[in-house]
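These notes are about the structure you will find just below.
Every number for a ligand or one of its atoms is a count from 1 in the order of the listing.
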Amino acid sequence: MKKLEMVYEGKAKKVYRTEDEKQFVIEYKDDATAFNGLKKGSIVGKGAVNNIMSNIIFQMLEEKGVPTHFVKQLNERETVVKAVKILPLEVIIRNVAAGSFSKRYSVEEGRALAKTVLEFSYKNDDLGDPLINDDHILALELASEEQLKLVRKYAYEVNDALKEFFLERGLKLVDFKIEFGISEGEIILADEISPDTCRLWDVVTGEKMDKDRFRRDLGNVEETYQEVLGRVKK
Ligand code: TMP
C-alpha cells in the first residue's frame, strides 16, 4: 500500500491518503504532548510501541465483535486502516478514580468507583476538549441518537475486554480514552489504544505504567512503554 499525500497530522500520528480511497496509512510518531500541548517532548520508541500494541488490541476486539479500523500492519510504525471520518468525541471510561476526574470532584486517585463512568469530551483543542453530555452531543449534532447508542455499547464492550486482557498481564485498567469514526456509514473503533490513551497500574506494585510517567515526570518513561508492549505481546 503506497502512501500518497498527508491528509492530517495530529500530536502523535500522521495520516496519509492511499491509492485506495477507502484506506489510509497511519504513521505513529515518538512525539509526546500533555496538557493540551503545553508540555512537549519525545518518548523514544513510543511510535512503534503504540502502533504494535494498538494493532494487537484491535484484532482482539474484532474477535469479540467490536468493529475497528484495523486492516494490516505495514511495519513497526505504519498501519493500513479503513478510511474514517472521526466523530469529534473523546469517549472516556473510568473504572477507578484518577486524573481529571479526581481533580474535578476532589477524590483521591485509586478510589474504586461504585459505578463504571462513561464520559464524553468534545474533541476541540481550541476549547481544551471540554466535557459534554449526551444532550449536548445531540443538540450540536456531533452524532445521531443511533450512533450515540452504538458508541456507548461498544465503549462498555471495549472496557470489559480490555479489563480482562490487561489483568491477565498484571495490569489494572484504571481508565482509557477511545475514538470512533464512520466508515461506509458504519460506526467503527478508530484512533489507538496504547499507554498514551490508557491508565495502567501494575497489579502488584501499583506503579504507573502509562503516559502519566511523562505527564508527571516520574522517570523510566521509555522503559515503561517497552515493558507494557512486552506484556501485551505475551
Ligand atoms: P483524564 O483523567 O486526564 O481526563 O484522562 C482520562 C483518560 O483519557 C486517561 O486514560 C488518559 C486519556 N487521555 C487521552 O487519551 N488523551 C487526552 O488528551 C487526555 C486528556 C486523556
Side-chain angles (χ1 to χ4, degrees), residues 8-13 26 28-41 43 46-47 49-51 53-54 57-58 61 68-69 86-113 115-133 136 151-152 154-156 158-163 165-167 169 171-181 189-202 206-218 221 224-225 228 232:
Y8 173 79
E9 177 161 16
K11 290 188 273 247
K13 295 189 280 297
I26 295 183
Y28 286 74
K29 305 189 282 187
D30 282 353
D31 299 355
T33 63
F35 316 117
N36 200 19
L38 273 176
K39 182 180 170 83
K40 287 191 177 68
I43 301 171
K46 173 171 88 78
V49 169
N50 290 5
N51 181 39
M53 174 167 165
S54 278
I57 289 175
F58 277 34
L61 291 171
T68 78
H69 72 175
I86 293 280
L87 292 179
L89 294 174
E90 302 205 331
V91 184
I92 295 158
I93 293 255
R94 301 182 186 275
N95 296 305
V96 176
S100 67
F101 181 95
S102 284
K103 204 168 167 192
R104 190 181 320 124
Y105 305 116
S106 188
V107 288
E108 71 184 293
E109 288 203 311
R111 175 166 147 185
L113 298 173
K115 185 191 183 304
T116 302
V117 172
L118 187 159
E119 63 186 44
F120 293 109
S121 293
Y122 177 29
K123 235 174 105 73
N124 184 318
D125 282 340
D126 293 341
L127 301 178
D129 300 337
L131 201 62
I132 64 174
N133 69 21
H136 297 145
V151 161
R152 285 184 160 274
Y154 288 150
Y156 285 115
V158 169
N159 186 42
D160 288 341
L162 284 186
K163 270 197 295 190
F165 178 85
F166 284 123
L167 201 55
R169 290 155 175 85
L171 295 165
K172 176 152 103 174
L173 179 64
V174 171
D175 56 31
F176 63 93
K177 183 269 299 179
I178 47 180
E179 296 182 20
F180 292 88
L189 185 67
D191 193 53
E192 66 180 272
I193 295 180
S194 71
D196 275 13
T197 64
C198 300
R199 282 198 175 90
L200 301 165
W201 295 353
D202 186 273
E207 252 202 287
K208 298 190 195 320
M209 305 286 286
D210 55 63
K211 194 177 168 191
D212 273 347
R213 301 207 73 82
F214 168 80
R215 295 189 189 100
R216 304 178 187 188
D217 296 318
L218 300 176
V221 183
T224 299
Y225 274 73
V228 170
V232 163

Taking the six-membered ring of Tyr156, is NZ or CZ of Arg152 closer than 6.0 Å to its centre and within 45° of its axis?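 No, cation not above the ring by the 6.0 Å, 45° rule.
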Structural part of Ser121 in contact with ligand 1, heavy atom criterion under 4.0 angstrom: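 Answer for Ser121: neither.
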Ligand 1 versus Asn36, non-hydrogen atoms closer than 4.0 Å: side chain, backbone, both, neither?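 For Asn36, no heavy atom sits under 4.0 Å from ligand 1.
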Residue and atom name of the nearest protein heavy atom (relative to [atom]), distance in Å to one decimal:
atom	result
atom 17 (C) of ligand 1	Glu90 OE1, 4.1 Å
atom 5 (O) of ligand 1	Arg199 NH1, 3.5 Å
atom 16 (N) of ligand 1	Lys177 CE, 3.7 Å
atom 7 (C) of ligand 1	Asp175 OD1, 3.7 Å
atom 1 (P) of ligand 1	Ser100 OG, 3.3 Å

Near [X], which atoms of ligand 1 are under 4.0 Å from a heavy atom of that residue?
X	result
Arg94	1 (P), 2 (O), 4 (O), 6 (C)
Thr197	10 (O), 12 (C), 15 (O)
Asp196	15 (O)
Gly99	2 (O)
Phe176	10 (O)

Answer yes or no: does an N/O atom from Glu119 fall short of 3.5 Å to an N/O atom of ligand 1?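 Glu119 vs ligand 1: no N/O contact under 3.5 Å.
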Salt bridge Arg216-Glu109, side-chain N to carboxylate O under 4.0 Å: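 Answer for the salt bridge query: yes.
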Residues Arg199, Asp175: salt bridge by 4.0 Å N-O rule: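 Between Asp175 and Arg199 there is a salt bridge, with a charged N closer than 4.0 Å to a carboxylate O.
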For the CD atom of Glu90 and the CG atom of Leu131, what is their distance to the nearest 0.5 Å?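 With rounding to 0.5 Å, CD (Glu90) is 11.0 Å from CG (Leu131).
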So, taking the atom named CG in Asn133 and the one named NE2 in His136, what distance separates them when rounded to the nearest 0.5 Å?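 That separation rounds to 4.0 Å.
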So which heavy atom on [X] is nearest to which on [Y], and how close?
X	Y	result
Ile178	Ala155	CD1-CA, 4.0 Å
Ala97	Ser102	C-OG, 3.4 Å
Lys46	Asp30	N-OD1, 3.2 Å
Arg169	Val232	NE-O, 3.4 Å

Test of understanding: with ring-ring contact (aromatic ring centres under 6.0 Å, His included), list the residues that count as partners of Phe58, not counting sequence neighbours.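 Partners of Phe58 under the ring-ring contact (aromatic ring centres under 6.0 Å, His included) test: His69.
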Among Glu192, Lys29, Lys13, find the one that has a side-chain hydrogen bond (donor to acceptor under 3.5 Å, both in side chains) with Asn50.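 The single option meeting the side-chain hydrogen bond (donor to acceptor under 3.5 Å, both in side chains) with Asn50 is Glu192.
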Heavy-atom distance from atom 19 (C) of ligand 1 to the protein below 4.0 Å?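 No; the ligand atom in question lacks any protein heavy-atom contact below 4.0 Å.
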Would a search of protein heavy atoms around atom 9 (C) of ligand 1 find one under 4.0 Å away?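 There is a protein heavy atom less than 4.0 Å from atom 9 (C) of ligand 1.
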Is there a heavy atom of Lys211 sitting under 4.0 angstrom from any atom of ligand 1?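 Flag not set, Lys211 not near ligand 1.
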Taking a cutoff of less than 4.0 Å between a non-hydrogen atom of the residue and any ligand atom, is Arg215 in contact with ligand 1?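 Within the 4.0 Å threshold, so yes.
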